[in-house]
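This is a predicted model, so every value here is computed, not measured. The first residue of the sequence shown is numbered 1, and numbering continues consecutively from there.
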Amino acid sequence: MQAGERVTVKTDGGPRRAGKLLAVEPFNEGTMYLVALEDYPLGIWFFNESDHAEGVFVEPESTG
């Protein structure tokens, strides 16, 4: 995924939320994604763990 793409984000106890990817920062254990959501238009950071499926919070938006 790269900046400018539409993504969805898994949040605590609710449905996935749609947003726009603003920045991507790789780390040893995974990747940080800065995502603009309706409630956070300037962006909020989410971390995807590279070795744990349950630790994946940001995914590309499905085109259906």
Side-chain angles (χ1 to χ4, degrees):
M1 291 181 284
Q2 57 187 341
E5 289 184 37
R6 298 287 302 167
V7 296
T8 62
V9 178
K10 177 174 66 173
T11 58
D12 241 2
R16 294 190 72 84
R17 297 169 69 182
K20 182 177 179 181
L21 192 55
L22 300 176
V24 179
E25 292 288 332
F27 286 87
N28 290 339
E29 301 85 17
T31 306
M32 292 288 293
Y33 295 97
L34 182 62
V35 179
L37 299 173
E38 185 176 322
D39 295 347
Y40 300 95
L42 297 179
I44 186 168
W45 288 101
F46 292 91
F47 184 70
N48 277 7
E49 295 180 43
S50 53
D51 295 334
H52 303 286
E54 289 186 24
V56 174
F57 294 90
V58 180
E59 296 179 336
E61 188 173 65
S62 174
T63 56

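- The minimum heavy-atom distance between Glu59 and Met1, with the atom names listed, is C-SD, 3.8 Å.
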When the side chains of residues 41-56 are checked against the rest of the protein, which donor-acceptor pairs come out under 3.5 Å, sequence neighbours left out?
residue: Asn48; atom: OD1; partner: Phe57; partner atom: N; Å: 2.7
residue: Asn48; atom: OD1; partner: Val58; partner atom: N; Å: 2.9
residue: Asn48; atom: ND2; partner: Val58; partner atom: O; Å: 2.9
residue: Ser50; atom: OG; partner: Glu29; partner atom: O; Å: 3.0

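- Side chains of Arg6 and Lys20 form a contact here, defined as non-hydrogen atoms less than 4.5 Å apart.
- A chain of hydrophobic side-chain contacts below 4.5 Å, direct or via other Ile, Leu, Val, Met, Phe, Trp or Tyr residues, connects Tyr40 to Tyr33.
- Considering Val24, Leu22, Leu21 in turn, Leu22 is the only one that fulfils the side chain to side chain contact (heavy atoms under 4.5 Å, CB included) rule with Leu34.
- Considering only residues two or more places apart in sequence or on other chains, Asp39 meets the side chain to side chain donor-acceptor pair (under 3.5 Å) condition with Arg17.
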